[in-house]
A.B. asks: 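The structure is given below, and queries will be raised subsequently.
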Amino acid sequence: MNKTIYLGFISIYLGPNLSQIVFWLLDINYEMVRDIPEIRLWGIDENNRRIVVLDRSFRPYFYVVPENEKYLESLPKEIEKRFPKDILHTEISSKDFFGKSISVIRIVCRNPKKIPSLRDDIAKIIGVKNVLEADISFYLRYMIDNDIYPSSWHVVEAEEVKEKRTWQVDAIYLAKNPPKNISEKREIPKLKFLAFDIECYNQYGTPRPERDPIIIICTKTSEGEEKIFLAKDRNDRDVMEEFSKYVLEYNPDIIVGYNSNLFDWPYLVDRCKKYKYRLKISRTYFQPMPSLYGHISIVGRANVDLYDYAKDLPEVKVRTLENVAEYLGVMKKSERVLIPGEEIYKYWDNPKLREKLIEYCLDDVRSIYLLAKEILPFAIQLSSIVGLPLDIVGTASVGYRVEWHLIRQAYKFNELIPNKVERPYRPYRGAIVLKPLPGLHEDIAVLDFSSMYPNIMINYNISPDTYVPLGEKVSEVNIAPEVGHKFRKKPDGFYRKVLKRLLAARKEIKDKLKKLDPKSNEYKILYERQRAVKIIANATYGYCGWVGARWYKREVAEATTAWGRKIITETIRLAKSMGLKLIYGDTDSIFVRYDKDKVEKFIDTINSKLGLEIKIDKIYRRVFFTEAKKRYCGLLYDGRIDVVGLEAVRGDWSELAKEVQENVIKIILTENSPSKAAGYVQDVIRNLKNQKIPLSKLIIWKTVTKNIDEYEVAAAHVVAAKKLLASGYPLTVGDKVGYIVVKRPGVKLADKVEPYIFVKNYSDIDIEYYINKQIVPVATRILGFFGYSEKQLLAGTRQASLSDFF
DNA sequence: GCCTGAATAGTACCA
DNA sequence: ACTGGTACTATTCAGGCG
């Protein structure tokens, strides 16, 4: 009964007792152990113990689509014969592929690592039409096939492996069967997380790991313990070792950093390489390794980079740690130490300033720690919905998050996963945007369709597998307006099934939320969950029109927007016919005068007539439009002000200009006093001339969107970027460049910009630029409607400027 | 060569 | 590496004028 089996070089004893283990899945990987792939599920059990569950029963596979029936018979034998060492067996199975049921050959292999070469060899065999699902990594394949979800609870029948391997877990189990998902159990175990941040000595601009030491590493645990690891002067030999020892000692489940995948981890690893030291911090004492989507994997733990989630905060324009921490309300910039990045080495060298640098690093790690508390609950829900491990889901782009969600669903519906293929890009028509009625309007209701595109896709069964190509005769079809694409009414398409499930899940969660105390833990978990569901559902339309998508179908995207246009047009027509005053509309919303009875009747009519739900999103006490689409501002009844599209909410205008516009808007909307607003603008101009505006408000930030030498025109931010690069500053695609306009001989703006870090003197500033090209245009944008010209805004300041002069 | 308006480049927004 | 629609500024370029 009892037996000894061999795991690698370690002989283990398996006790006779199987037990049921309930655990929350944190991380997953696999290793080849004596020619057998061993899946390792790292988790936390119900008794808060760190465990790993081993499953050696699963084998990798992929599918071969034969040219025709004839090959279905011959190919399996031939393939088995050709690769006897690599292939365990083959079998025929029936799968759905773009609306058709097809017979495919499943090729079950011995070693996941051999799959890429096997795929290539087999694809060349005569009679093989296509090879599918050969690019799904093994551990994800395992989770898909067994309905296992990361960041979720599972139950497994397993036997404890008594003789422990030297891994950082409380117990090792060998699974008798694959674990089963317990989808009802949604609580989160008590996770131990460690926030960390490093500072490097950067005398020559960008720190380089082969040259510049790590001078400080700060950490903070979920229990609040803070640690500081310091280099000895510029010798960091011991810093990494002390840090890694501490990580092992604390044994975190999650390690969080800010931009850690692109900076801290590669830097740490490189720095260790220099000393021929291995950063053994995983639960198997392995070093961090690059993995999927640029994520750095630390076996047995989740390595989460919070910067990935900061990118989803459009309100924060320059996403530094300080700015994100301030925006999320976890640490005010005014209440923390701030040190310009390029001066860090000076603080380290100066004994009087070194303390301040350490405090700076601590403030960073405290911010990371607090951000983790805000962000991890969402990340966990996203991971469990998309099905990617917690540390990978953040680094995956929106497109891949949607795609992995679809891959998970495809398996459940017996759909084959299409390969990634290169395709030409062909644009198609999108949504309708109405010209606004310019001016200040009172009592305006914004009505919008909830989840318009997902619902359109559901209602008309729009999907790659229900698409009826030209010439094919199908009796029951939905025909898209304008573009004429046809989709079968029956059976349910892939997108319909997936989206229905998502929308239903969201509704269910929202219903549960209504019964919960908003302050409770459960509420927070479910709230984040419905948010994650919404994000995936809303991104699915965009995904299907993305040429890189496995389930790309241009006609699907094109038909969806075509129905969208029809619906909004019909809505507008109906609104007008019912006597509603229309102010504006964009894609899935209309702005109408809030005539309560008429609006309510209108909503009822739409809801019964169009098969889509329209509702009041908000009511503006006052709303202001210029001639431009997609730009307006409005005052709500609770006193809040919305600014949409205007300069005040753009990241590429100076803080000064944005502040001026915001205040002008505030005066107009709340006091309806253009003259007061104009006076305010004149005051600001006077202050600027008197050098009373801080330099920091004059910085203009713009993103570098391509390599510097690829730019065709001398744009201001490109010139500034070149100057930064010339001085040895790090700058790559995607970075933001901050510049200030200064007095220089040239006529072009590009001749007059300087990276803001180089500007020290106020007398250098090109005040005229800020007046004429920043303040006046944004103020006129609003005040122009009330009859104020640029000249008038400038005129009132003449007196002051003269007195300044004397 | 200078002026001017149109075309193009570039960025960031809205839904 | 989710989509198309849009506003806006600055640079570049072509054509008219002299």
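Chain letters run A, B, ... following the sequence lines, proteins first, then strands; residues in each count from 1.
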A.B. asks: Need two values: the first and the last nucleotide of DNA chain C, 5' to 3', having an atom under 4.0 Å from any heavy-atom of chain A.
C.D. replies: C:dA1 to C:dT12
A.B. asks: Verify whether one side chain among A:Ser297 and A:Ser291 offers a donor that lies under 3.5 Å from an acceptor in the other.
C.D. replies: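 Short answer, no.
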A.B. asks: Can you give one letter per nucleotide of nucleotides 7-15 of chain B, 5' to 3': B if a protein heavy atom sits under 4.0 Å from the base, S if only from the sugar-phosphate, - if neither?
C.D. replies: --SSBBSBS
A.B. asks: With a 4.0 Å cut-off on heavy atoms, is A:Arg401 in touch with a base, just the backbone sugar-phosphate, or nothing at all?
C.D. replies: nothing
A.B. asks: Calculate, to the nearest 0.5 Å, the distance between atoms CG and CZ belonging to A:Leu646 and A:Phe625 respectively.
C.D. replies: 10.0 Å
A.B. asks: How would you list, by chain and number, every residue that makes a ring-ring contact (aromatic ring centres under 6.0 Å, His included) with A:Tyr552, sequence neighbours excluded?
C.D. replies: none
A.B. asks: On DNA chain C, does the nearest nucleotide to A:Val433 precede the nearest nucleotide to A:Thr540 from the 5' side, or the other way round? Give the residue.
C.D. replies: A:Thr540
A.B. asks: Can A:Lys752 be said to sit on top of A:Tyr769's aromatic six-ring, NZ or CZ under 6.0 Å from centre and within 45° of the ring axis?
C.D. replies: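 No, a cation-pi geometry is absent between A:Lys752 and A:Tyr769.
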A.B. asks: Do A:Tyr756 and A:Trp701 have ring centres separated by under 6.0 Å?
C.D. replies: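 Yes - the distance between ring centres of A:Tyr756 and A:Trp701 falls below the 6.0 Å cut-off.
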A.B. asks: Considering only residues two or more places apart or on different chains, which pairs with a residue in residues 612-626 of chain A satisfy salt bridge (charged side-chain N to carboxylate O under 4.0 Å, His left out)?
C.D. replies: A:Glu442-A:Arg622, A:Asp448-A:Lys615, A:Lys618-A:Asp642
A.B. asks: Show me the protein contacts with nucleotides 1-5 of chain B, counting only N or O atoms at under 3.5 Å.
C.D. replies:
none

A.B. asks: With a 4.5 Å limit on heavy-atom distance, are the side chains of A:Leu574 and A:Lys609 in contact?
C.D. replies: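 Heavy-atom side-chain distance check passes, below 4.5 Å.
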A.B. asks: Does the distance from a Lys or Arg side-chain N to an Asp or Glu carboxylate O, for A:Glu754 and A:Arg744, drop under 4.0 Å?
C.D. replies: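 Salt bridge between A:Glu754 and A:Arg744, a charged N being under 4.0 Å from a carboxylate O: yes.
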A.B. asks: Inspect the contact between A:Arg573 and A:Glu570 and indicate whether a charged nitrogen and a carboxylate oxygen are less than 4.0 angstrom apart.
C.D. replies: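 A salt bridge is present here (some side-chain N lies under 4.0 Å from a carboxylate O).
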A.B. asks: Would you work out how much the helix from B:dG1-C:dC17 to B:dA15-C:dT3 bends between its ends, with each end axis defined by five base pairs, to 10 degrees?
C.D. replies: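 The end-segment axes of the helix from B:dG1-C:dC17 to B:dA15-C:dT3 are tilted 20° relative to each other.
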